[in-house]
There are 2 protein chains.
Amino acid sequence: MPRGRLTAADVVRAGAELADEIGYQDLAMGALAQRLGVRAPSLYKHVDGLDDLRRRIAVLAMTELGEVVRAAIQGRAGTDALASFARAFGAYITAHPGRYTATIGAEVSGPGDELYDASARVLESMAAILRGYGVEEDEMVHALRTLRCLFHGYAALHTANGFQWSGDTDESFDWMIGFVDRGLRVRPPGPEGVQDRR
Amino acid sequence: MPRGRLTAADVVRAGAELADEIGYQDLAMGALAQRLGVRAPSLYKHVDGLDDLRRRIAVLAMTELGEVVRAAIQGRAGTDALASFARAFGAYITAHPGRYTATIGAEVSGPGDELYDASARVLESMAAILRGYGVEEDEMVHALRTLRCLFHGYAALHTANGFQWSGDTDESFDWMIGFVDRGLRVRPPGPEGVQDRR
DNA sequence: CCATAAAGCTAATCCGATTAGCCGAGCGCC
DNA sequence: GGCGCTCGGCTAATCGGATTAGCTTTATGG
């Protein structure tokens, strides 16, 4: 029954593109409206203000990221899956720094929340990788969080240019992945007492 | 030659406290002025606007963090140093979420930049730890960045409440540290070819 | 004591987000 | 084949916070 031109999805997509181009910090209703050939107030017919727009961009980003990494690990396992995941992840944040930045500060409530669910899908891919390494269920949560910290930290530092990771960044990224790979492949044998208290 | 009451340091300190209390997002000139018993425009005599204030808070945070972790690893080495560092780091970001958030988005240029230098001091502590593990110089950069990603990611997710890490967060944190510790203690023997290309 | 520069203040400006309320266009239905 | 309804856009206005301009006060140091 609608009629017109823009849809909420259009606005969010354009917002994401704009954020990627000019930087998340400078994302503004006015600029977005202009890009869409519309006046700022009109956007409020589609999104519920700037905060809502930001959150929707975060959801979009996390959703896209989830799809990308899911595809990347398809049919792979172990080292192969991890490397492929990492490559896909790195490529995404490099191609879409604005989008990813949107996810960094976003508040996440709990199940049912779109952003939570989208994040959960990404985590599910990570979990699949870890299962492939034979990580026990009781360690899964911890290993998952460790991976998350690593990738999120990388993304955050990378998108914020957080330490002229220019040039040899990729090399460090690969080293990092190699480090995790080794760590995960060493332990499966069994929970032998490698000291671990506090 | 000066005269009065406030100093730039006072303003920054109060801003940091305010950010810790009400959240970095809500840090505003007006609110800060009020807390200092002064009108908003007066703050401009001490800091060069909101962006400058934010950056100074980031510098303060990174500086404090540097001191805290340096103290934590004093006289320790290996696993002990890593654990102590981690504990100090975790305690700092928990006690000062606003401050740390300020560092997350801040732009870092290069040597000479206060924030860069403060970050470098934190990294130096990390490097000291890694040296204690016998990490080779040619891997140092990569190992350093890996640690940085891990801790930064942890901090970012933690301060943003990025996945109800309520309760058992500490346990995961310890697991993460244990994982790194194992990884670092395994390799020193020599760069045997554990696959590492691309 | 007086000249001065720093530190505050008030009033004013700017800008971007947001709200209020009006308007034209397609569409379902009679 | 026209009528009213709803949607999407628009203009004008409001709001709020940051920032600027320019005045005032005060302590200090000569």
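Quick note on labels: first sequence line is chain A, next is B, and so on, each numbered from 1.
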Expressed as a whole number of angstroms, how long is the span from [X]:[atom1] to [N]:[atom2]?
X	N	atom1	atom2	value
Arg39(A)	dC23(C)	CZ	P	17 Å
Asp26(B)	dG16(D)	CG	P	15 Å
Gln25(A)	dA18(D)	CD	P	15 Å
His46(B)	dA18(D)	NE2	C1'	17 Å
Leu32(A)	dG9(D)	CG	P	12 Å
Leu6(B)	dT26(D)	CG	C1'	15 Å
Gln34(A)	dC10(D)	CD	C1'	16 Å
Arg5(B)	dG8(C)	CZ	P	6 Å

Next item on the list: Please check the phosphate of dG8(D) (OP1 and OP2 only) for any side-chain N or O of Ser42(A) closer than 4.0 Å.
Entry: no
Scan nucleotides 17-21 of chain C against the protein and return all N/O pairs shorter than 3.5 Å with their distances rounded to 0.1 Å.
unit_1: dA17(C); atom_1: OP1; unit_2: Met29(A); atom_2: N; d: 3.0
unit_1: dA17(C); atom_1: OP2; unit_2: Met29(A); atom_2: N; d: 3.4
unit_1: dA17(C); atom_1: OP2; unit_2: Gly30(A); atom_2: N; d: 3.3
unit_1: dT18(C); atom_1: OP2; unit_2: Tyr44(A); atom_2: OH; d: 2.7
unit_1: dT18(C); atom_1: OP2; unit_2: Leu50(A); atom_2: N; d: 2.8
unit_1: dT18(C); atom_1: O5'; unit_2: Tyr44(A); atom_2: OH; d: 3.1

Is the shortest side-chain N to carboxylate O distance from [X] to [Y] below 4.0 Å?
X	Y	answer
Arg35(B)	Glu17(B)	yes
Asp117(B)	Arg121(B)	no
Arg56(A)	Asp52(A)	yes
Arg55(A)	Asp51(A)	no

Next item on the list: With rounding to the nearest 0.5 Å, note down the distance linking CE in Met126(B) to CD1 in Ile73(B).
Entry: 10.0 Å
Note to self: Counting only heavy atoms not in Gln25(B) (residues, nucleotides, ligands), do more than 12 fall under 6.0 Å from its CD?
What the structure shows: no
